[in-house]
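The block underneath contains the structure these notes are about, expressed in structure tokens.
All residue numbers refer to positions in the sequence shown, counting from 1.
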Amino acid sequence: MCPKHHDRSRPSVTAQHLGDRLIADIGGTNARFAWQAGPGTPLLNTQVLQVADFPRLQDAILSYLGGIGRGIPGAVAVAIANPITGDQVHMTNADWSFSQAAVKDELGLHTFRLLNDFTALALALPDLPSTELRQVGGTTPMPRAPIALLGAGTGLGVSGLVPVGEAGWVPLSGEGGHVTLPAVTARERLVMDGLALQYGHASAERLVCGQGLLDTFGLLCRADGVAVGPIHNAAGVTDAALKADHPQAMEALNMFCAVLGTVAGNLALTLGAHGGLYVGGGIVPRLGAWFDASPFRERFEAKGRFKPYLANIPVWVITSAQSPALLGAARSLDALA
């Protein structure tokens, strides 16, 4: 049976255990789920479902629970790639819309916690082991200093952590990916103009995301009178760039990293992120060592008189195999316990 037509009948509420938790990380493309027996316990039964396969969040949750043979848990925490400004949620990069109260009522949940996906990822940062990080420049972090976070995938997520008290942290929830695109070079301004013509507002996310990488490639090819050839998605642009098979693909990926560096530098200056800056998302970690030699770090530090200020700030690429946002979403439930 196609997931779009799953039976919406939910598992028996009599199977509910208030201490059990379902943890989810919902992006524009993938929905990652895990099961947790209680605070501080391991995340189990991790699965990835396709957002496009389900008409509603509730349907994806029920499909996951049915697949692992579990009933309705007492608590659900969902990290979602979207601003959370009230009960009603309309996803920016997917077709899902829902009322938080309606989801909680339909599933019969004791606790339903919804938070921005990068807010959740920020909550996970203090617990990430060094084996899941790769440093790209800078020195050592200053203890108990603000931490910055951003990452590109279907969109461009931005967050951070601000220290509170002797050991606590407060995550920042905002939409920094939608700041105006900070074009620096003539070619970046050419792309910015093309994106503004196509979308109205040329935000940083319009270039620094999967679709943005493809759009940038197309605009560069059009400006140079070059055929795009068989490249029709962001993965194709990345592959051609890493293989040095297409000059405009190489330029597009370098521009992607350069603009990400400028946005990251702006964020680090804004937060005073002497605790370091972390890069997550689905694109950069897959670039491996190529990213380390890209224009990212140079543009991160290119702030005139404040270059020395930024030169000391370490940047880490998050290389975790499992989405750390799941851990952060679980941490958000711990705060409610």
Residue pair Val78 / Arg113, side-chain heavy-atom distance below 4.5 Å: no
Steps toward side chain to side chain contact (heavy atoms under 4.5 Å, CB included) verdict (Leu65, Trp35): CA-CA 9 Å; Leu65 290 173; Trp35 183 267; 3.6 Å; yes
Might you point out which heavy atoms bring Gly160 and Ala122 nearest each other, and give the distance in Å? O-CB, 3.8 Å
Minimum heavy-atom distance Phe296-Val315, with the two atoms named: CE2-CG1, 3.8 Å
Taking atom types as modelled, is there a side-chain donor on Gln248 or Asp224 under 3.5 Å from an acceptor on the other? yes
Shortest non-hydrogen contact from Ile26 toward Met91: CG2-CE, 4.0 Å
Asn82 vs Thr92, side chain to side chain donor-acceptor pair (under 3.5 Å): CA-CA, chis, key distance, verdict: CA-CA 6 Å; Asn82 214 72; Thr92 305; 3.1 Å; yes
When rounded to the nearest 0.5 Å, the distance separating CD of Gln100 from CG of Leu57 is 10.0 Å
What about Val158 and Leu269, same hydrophobic cluster or not, with Ile/Leu/Val/Met/Phe/Trp/Tyr joined at side-chain heavy-atom distances under 4.5 Å? yes
So, does Glu188 use its side chain to make a donor-acceptor pair with the main chain of Val184 at under 3.5 Å? yes
Can you list everything that forms a salt bridge (charged side-chain N to carboxylate O under 4.0 Å, His left out) with Asp127? Sequence neighbours excluded, please. Arg331
What verdict does the side chain to side chain donor-acceptor pair (under 3.5 Å) test give for Asn93 and Thr154, after you've listed the backbone C-alpha separation in whole Å, the side-chain angles of each residue and the deciding distance to 0.1 Å? CA-CA 7 Å; Asn93 294 313; Thr154 305; over 6 Å; no
Hey, could you give me the OG1/NZ distance between Thr262 and Lys303, rounded to the nearest 0.5 Å? 5.0 Å
When rounded to the nearest 0.5 Å, the distance separating CE of Met255 from CG of Leu190 is 7.5 Å
To check you understand the geometry: which heavy-atom pair defines the closest contact between Ala329 and Ala24, and what is its length? CB-O, 4.3 Å
With a 6.0 Å cut-off (strictly less than), is the heavy-atom count around CD of Glu298, excluding the residue itself, greater than 12? no
Is any side-chain heavy atom of Asn45 closer than 4.5 Å to a side-chain heavy atom of Tyr64? yes
Just checking His90 against Phe98, ring centres under 6.0 Å apart? no
Could you check Leu333 against Arg21 for side chain to side chain contact (heavy atoms under 4.5 Å, CB included), going step by step and ending with a plain yes or no? CA-CA 9 Å; Leu333 287 177; Arg21 302 160 152 193; 3.5 Å; yes
Nearest non-hydrogen partners of Ile313 and Gly276, listed with the distance: CG2-CA, 4.0 Å
May I ask you to check whether Arg134 and Thr319 show a side-chain donor-acceptor distance below 3.5 Å? no
With hydrophobic residues grouped by side-chain heavy-atom distances under 4.5 Å, do Val263 and Tyr199 end up in a single group? yes
Checking Asp87 side chain against Ala101 main chain: does a donor-acceptor pair fall under 3.5 Å? yes
Evaluate the criterion side chain to side chain donor-acceptor pair (under 3.5 Å) for residue pair Asn30 and Gln50; output intermediate values, then yes/no. CA-CA 5 Å; Asn30 297 317; Gln50 299 300 301; 3.0 Å; yes
Between Thr216 (side chain) and Gly212 (backbone), is there a donor-acceptor pair under 3.5 Å? yes
Got Leu253 and Trp290 here, is their nearest side-chain heavy-atom distance under 4.5 Å? yes
Is it true that Leu242 and Met250 fall in one hydrophobic cluster, defined by side-chain heavy atoms closer than 4.5 Å? no
Apply the test side chain to side chain contact (heavy atoms under 4.5 Å, CB included) to residues Val51 and Thr29: give CA-CA distance (whole Å), side-chain angles for both, the deciding distance (0.1 Å), then the verdict. CA-CA 5 Å; Val51 170; Thr29 304; 6.0 Å; no
Main-chain N/O of Ala234 paired to Thr238 side chain as donor or acceptor, under 3.5 Å: yes
Residues at least two apart in sequence or cross-chain that pass ring-ring contact (aromatic ring centres under 6.0 Å, His included) with His178, listed by chain then number, are none
What distance separates Asn116 CG from Ser332 OG, expressed to the nearest 0.5 Å? 11.5 Å
With side chain to side chain contact (heavy atoms under 4.5 Å, CB included) as the test, would you mind laying out the steps for Ile68 and Phe33 before giving the verdict? CA-CA 11 Å; Ile68 65 171; Phe33 292 95; over 6 Å; no
Just by modelled atom types, is the Gly165 backbone N or O under 3.5 Å from a matching donor or acceptor in the Arg144 side chain? yes
Sub-3.5 Å donor-acceptor pair from the side chain of Gln135 to the main-chain atoms of Thr139, do we have one? yes
Is there a side-chain contact between Thr185 and Arg189, using heavy atoms and a 4.5 Å cut-off? no
Can you tell me how far CD of Gln36 sits from CD1 of Ile23, rounded to the nearest 0.5 angstrom? 5.0 Å
I need the Leu326 CG to Arg32 CZ distance, nearest 0.5 Å. 7.5 Å
Phe306 CZ: over 12 foreign heavy atoms closer than 6.0 Å: no
How about Leu207 and Asp215: do any of their side-chain heavy atoms sit closer than 4.5 Å? no
Mind checking whether Ile80 and Trp96 have side chains closer than 4.5 Å, heavy atoms only? no
Arg286 side chain reached by Phe291 side chain, heavy atoms, under 4.5 Å: no
Is there a path of hydrophobic side-chain contacts, each under 4.5 Å between heavy atoms of I, L, V, M, F, W or Y residues, that connects Val162 with Leu123? no
Provide the closest heavy-atom pair for Pro295 versus Cys257 in the form atom of the first, atom of the second, distance. CD-CB, 4.2 Å
Measure the shortest side-chain to side-chain distance between His232 and Leu214 over non-hydrogen atoms and say whether it is less than 4.5 angstrom. no
Under 4.5 Å side-chain heavy-atom separation, chaining through any Ile, Leu, Val, Met, Phe, Trp or Tyr, what else clusters with Tyr278? Say none if it is isolated. Phe118, Leu121, Leu125, Leu128, Leu133, Ile147, Leu149, Leu161, Trp169, Trp316, Ile318
Leu156 reachable from Leu115 in the ILVMFWY side-chain graph, under 4.5 Å edges: no
